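Here's the structure, in structure tokens; my notes come after.
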Amino acid sequence: LAQQGKNLNLILARPWDTPVVLVEETWQAVNIPTTKEAWEFALKGNPGLLALERNGTLSKYNVKIARSAYIPSVGLSLGYSNSANNPGAVIARDNTNLTAGLRLNWNLFNGWRTKRNVEQKQIAAKSATENLIYARDQLKKNIAQMILEMQDLEESLLISQIIRNASKQDYDLILEQYRVGSASILDVIRIEADYENARVGVIQSRYSLKLAEAKLYQLMGKSA
């Protein structure tokens with residue numbers, strides 16, 4: 001450790017004998033939700049799923065709009081005119097004229113354009129529904145797989161921590177044996193290497209678990 005401290009000081013451009021204090025890294029445990037909890041959140045938060053839902057709703061409205069071409073349209077018109085020659089005669093009954101009209105339009109045939117338009121909108125609406133169903137199935141599958149992966153990574157982290165703790169005990173023991181002269185410096189170096197590898201294993205397990213958590217949050221549409 002002393003030599004590593006010297007090397008670290010040289011890398012940091014500090015005096016070689018500057019004391020080096022190792023600080024235990026902070027770690028916030030990952031809370032793995034149930035598949036049901038993650039899925040319910042994803043239904044409300046996944047942006048891709050929400051976009052497909054909006055597209056499906058819009059497609060259904062487009063079908064209704066296209067079908068409205070078959071419905072007759074009714075128009076009402078009102079008119080007013082005054083033929084008075086001077087301001088005093090404006091209110092005279094003989095000078096005013098009121099007109100009202102009712103207009104009914106019904107498109108009987110336009111070369112099947114309306115029929116084709118309705119069919120195209122129906123096809124688009126059906127496609128949007130199928131895309132939404134497929135996206136939901138895939139998302140639910142991916143969430144379930146990610147949660148299983150996180151559970152496996154959590155178990156791997158626990159094992160890595162057990163190995164690290166055992167390696168730390170071995171390292172403390174070899175240092176004591178070396179102090180009393182019952183172990184060589186080679187034994188110390190070997191046990192120290194095992195301990196450092198065990199610590200690296202814990203860091204890698206934590207990183208993998210946090211990365212899986214970020215992927216799950218992305219699927220759920222949840223911010224970290």
Side-chain angles (χ1 to χ4, degrees), residues 1 3-5 7-12 14 20-59 124-175 188-224:
L1 285 179
Q3 184 60 44
Q4 291 178 345
N7 294 337
L8 179 61
N9 285 328
L10 293 175
I11 293 173
L12 298 176
R14 302 190 306 184
V20 176
V21 179
L22 297 180
V23 179
E24 182 68 21
E25 67 277 8
T26 60
W27 165 253
Q28 294 181 352
V30 174
N31 182 25
I32 303 177
T34 64
T35 302
K36 181 180 179 181
E37 292 172 342
W39 174 240
E40 290 177 350
F41 194 99
L43 287 175
K44 301 176 183 178
N46 183 274
L49 203 62
L50 295 177
L52 288 174
E53 289 177 352
R54 288 192 296 268
N55 183 52
T57 302
L58 180 61
S59 298
K126 183 178 180 180
S127 177
T129 300
E130 292 176 350
N131 289 339
L132 177 59
I133 294 174
Y134 176 78
R136 282 179 175 174
D137 291 342
Q138 287 297 114
L139 180 60
K140 193 170 187 178
K141 176 182 176 182
N142 292 337
I143 286 176
Q145 290 178 342
M146 187 56 61
I147 289 177
L148 288 176
E149 180 180 342
M150 290 179 66
Q151 291 172 346
D152 291 341
L153 289 172
E154 189 175 48
E155 290 293 331
S156 177
L157 174 58
L158 292 176
I159 295 173
S160 298
Q161 290 173 336
I162 292 174
I163 294 174
R164 180 200 58 186
N165 295 339
S167 298
K168 178 63 166 59
Q169 293 177 358
D170 291 341
Y171 181 64
D172 292 339
L173 178 61
I174 199 67
L175 286 179
V188 174
I189 294 175
R190 179 176 58 81
I191 298 299
E192 181 182 12
D194 292 340
Y195 175 48
E196 292 300 325
N197 289 334
R199 293 183 63 187
V200 170
V202 172
I203 295 173
Q204 290 177 337
S205 296
R206 288 177 174 178
Y207 171 78
S208 298
L209 184 55
K210 276 295 183 180
L211 183 60
E213 181 188 44
K215 291 180 179 179
L216 178 62
Y217 280 3
Q218 183 179 20
L219 293 173
M220 296 168 57
K222 181 180 180 180
S223 57

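Just so you know, these numbers come straight off a predicted model, no measurement behind them. Worth knowing before you read on, the calculation uses all heavy atoms, side chains too, and leaves out hydrogens, waters and symmetry mates.
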Ring pair (Phe, Tyr, Trp, His ring centres under 6.0 Å) pairs, two or more places apart, involving residues 193-215:
Tyr171-Tyr195
With rounding to the nearest 0.5 Å, note down the distance linking NZ in Lys168 to CZ in Arg199.
9.0 Å
Rounded to the nearest 0.5 Å, what separation is found between the CG atom of Asn55 and the OG1 atom of Thr129?
9.5 Å
To the nearest 0.5 Å, what is the distance between CG (Leu132) and CG (Leu139)?
10.5 Å
Between side-chain atoms of residues 38-53 and protein atoms elsewhere (two or more places apart, or another chain), which donor-acceptor pairs fall under 3.5 Å?
| residue | atom | partner | partner atom | Å |
| --- | --- | --- | --- | --- |
| Asn46 | OD1 | Gly48 | N | 3.1 |
| Asn46 | OD1 | Leu49 | N | 2.8 |
| Asn46 | ND2 | Leu219 | O | 2.7 |
| Glu53 | OE2 | Arg136 | NH2 | 2.9 |

As an exercise, state the distance from CD of Gln204 to CG of Asn197, rounded to the nearest 0.5 Å.
9.5 Å
Holding to side chain to side chain donor-acceptor pair (under 3.5 Å), I want the full list of residues that pass it with Lys215, two or more places apart in sequence or in another chain.
none
Listed pairs under 3.5 Å, donor-acceptor, residues 140-152 side chains, sequence neighbours left out:
| residue | atom | partner | partner atom | Å |
| --- | --- | --- | --- | --- |
| Asn142 | ND2 | Gln138 | O | 3.2 |

To the closest 0.5 Å, what do you measure between CG (Asp170) and CG (Leu175)?
11.0 Å
Closest approach of Ser167 to Asp194 (non-hydrogen atoms, all atoms of both residues)
OG-O, 4.1 Å
Gln161 side chain near Arg206 side chain, heavy-atom distance below 4.5 Å
yes
For Ser156, what residues pass the side-chain contact (heavy atoms from CB on, under 4.5 Å) criterion, not counting sequence neighbours?
Ser160, Ser205
Holding to side chain to side chain donor-acceptor pair (under 3.5 Å), I want the full list of residues that pass it with Arg14, two or more places apart in sequence or in another chain.
Asn9
